[in-house]
Amino acid sequence: MSIEIKKLGQAVDAEIRGVDLAKTLDDATFSQIRNTFHETGVLLFRDQHLNEEQHIAFSRRFGELEIHIAKQYLLKDYPEIVVLSNKVEDGRPLGIEDAGRFWHSDLSYLPKPSLGSLLYAHEVPPSDAGGNTPYSSMYAAYDALDDVLKKRLQNLRAVHSYEQRWQKDAQRGMTREKLDDLDRKKIPAVSHPVVRAHPVTGRLALYVNEGFTVCIEGLPENESKSLLEELFSHSAEERFTYTHKWQAGDLIMWDNACVIHSATWYDPSFTRHMHRTTIAGPGSE
Ligand code: OGA
Ligand code: MN
């Protein structure tokens, strides 16, 4: 099969054309896709028609899949799929309605963070009604730091926590249901290097995010806070980003080790319904 790779924007993205993900790809095509994925960090496939099994099968070729801790949002019979949706059935939301309206890297709060996520759009608002997803390259953000700051970050580690994100969201009146105590105990805070070597490519990327990073280990609170704020705003600079405007049938996969992303507001009078699979991190930290 021949595929066409088209660069979409600046640092982080490529569109792959000529591929039907519902079919099993031959090994050569698959490795071309995987290489491009790790090079760019974000891949777009348009006009896909995938059922749950096909979405899971393609995702699995990249590695084991995570089962998200927010169990109430997993798809019935397909726990590898987490539902992002504002649809309500019998008074219960079918999925997470506000999937992270802050810059984050999926599951960075796990000891072995996710390698990548594959988000498939079933139904989306019209493009002028919001719900775009910005992505930012943490390779590019790291490369652009000055040498003094690079040196300062070299041996620092940062703490990541799901719990603290939930608390911040609750304060802002967001809707995500609280994890019960048992689930919470399964995900204590963890620490990761602030500059992390990508587990597959070995390339250095900045690895802190506004969503889940709480503080920098060993620094006084105000110093940690101001350094993190500086890094958060640096990593979201427009020159590192690509913003995706969704169409139904789009599948976007992103590399959580070198890209951060954010959900954004959309007009709630439209339906937005997506399925996500999440690839577990390889190797050990
Ligand atoms: C996600 C996510 C953003 C969006 O699925 O991990 O953050 O725009 N989604 O839905
Ligand atoms: Mn996310």
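Counting starts at 1 for both ligands and their atoms, in listed order. Hydrogens, waters and symmetry mates are skipped; everything else that's a heavy atom, side chains included, is used.
- Of the N or O atoms in Thr264, none lie within a sub-3.5 Å distance of an N or O in ligand 1.
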**OP:** Apply side-chain hydrogen bond (donor to acceptor under 3.5 Å, both in side chains) to Asn86 and Thr271, showing your working.
**Re:** CA-CA 6 Å; Asn86 61 346; Thr271 299; 4.7 Å; no

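- Rounded to the nearest 0.5 Å, atoms CZ (Phe102) and CG (Asn209) are 8.5 Å apart.
- Here the N, O or S atom of Asp106 that is nearest to the Mn ion (ligand 2) is OD1.
- Closest to atom 9 (N) of ligand 1, if we only count protein heavy atoms, is Leu84 CD2, 3.7 Å.
- Nearest to atom 3 (C) of ligand 1 among the protein's heavy atoms is Ala263 CB, 3.7 Å.
- Between His244 and Tyr242, the ring planes lie tilted relative to each other; the angle falls in the 30° to 60° range.
- Regarding atom 8 (O) of ligand 1, its nearest protein heavy-atom neighbour is Thr133 OG1, 2.6 Å.
- At a 3.5 angstrom cut-off on N or O pairs, Trp246 does not count as close to ligand 1.
- Across the listed options His261, His244, Arg272, His275, Arg272 owns the non-hydrogen atom lying nearest to atom 4 (C) of ligand 1.
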**OP:** May I have the step-by-step check of ring pair (Phe, Tyr, Trp, His ring centres under 6.0 Å) for Trp254 and His261, ending in yes or no?
**Re:** CA-CA 9 Å; Trp254 61 86; His261 62 285; 4.4 Å; yes

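- Using a non-hydrogen distance threshold of 4.0 Å, Trp254 registers as a contact of ligand 1.
- With Gln54 contributing its side chain and Asn51 its backbone, the two residues share a donor-acceptor pair below 3.5 Å.
- Note that the CZ atom of Phe62 and the CE atom of Met253 stand 3.5 Å from one another [nearest 0.5 Å].
- Residue-ligand proximity, His104 to ligand 1, at heavy-atom distances under 4.0 Å covers atoms 7 (O).
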Subject >> Verdict with supporting geometry, His234 and Phe232, ring pair (Phe, Tyr, Trp, His ring centres under 6.0 Å) >> reply: CA-CA 6 Å; His234 170 79; Phe232 294 159; over 10 Å; no

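- Between Asp106 and ligand 1, a contact under 3.5 Å exists for at least one N or O pair.
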**OP:** Applying ring pair (Phe, Tyr, Trp, His ring centres under 6.0 Å), run through Tyr207 and His192 and close with a yes or a no.
**Re:** CA-CA 8 Å; Tyr207 197 71; His192 299 298; 5.6 Å; yes

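- Ligand 1 places these atoms under 4.0 Å from at least one heavy atom of Arg276: 1 (C), 5 (O), 6 (O).
- Sorting the N, O or S atoms of His104 by how far they are from the Mn ion (ligand 2) puts NE2 first.
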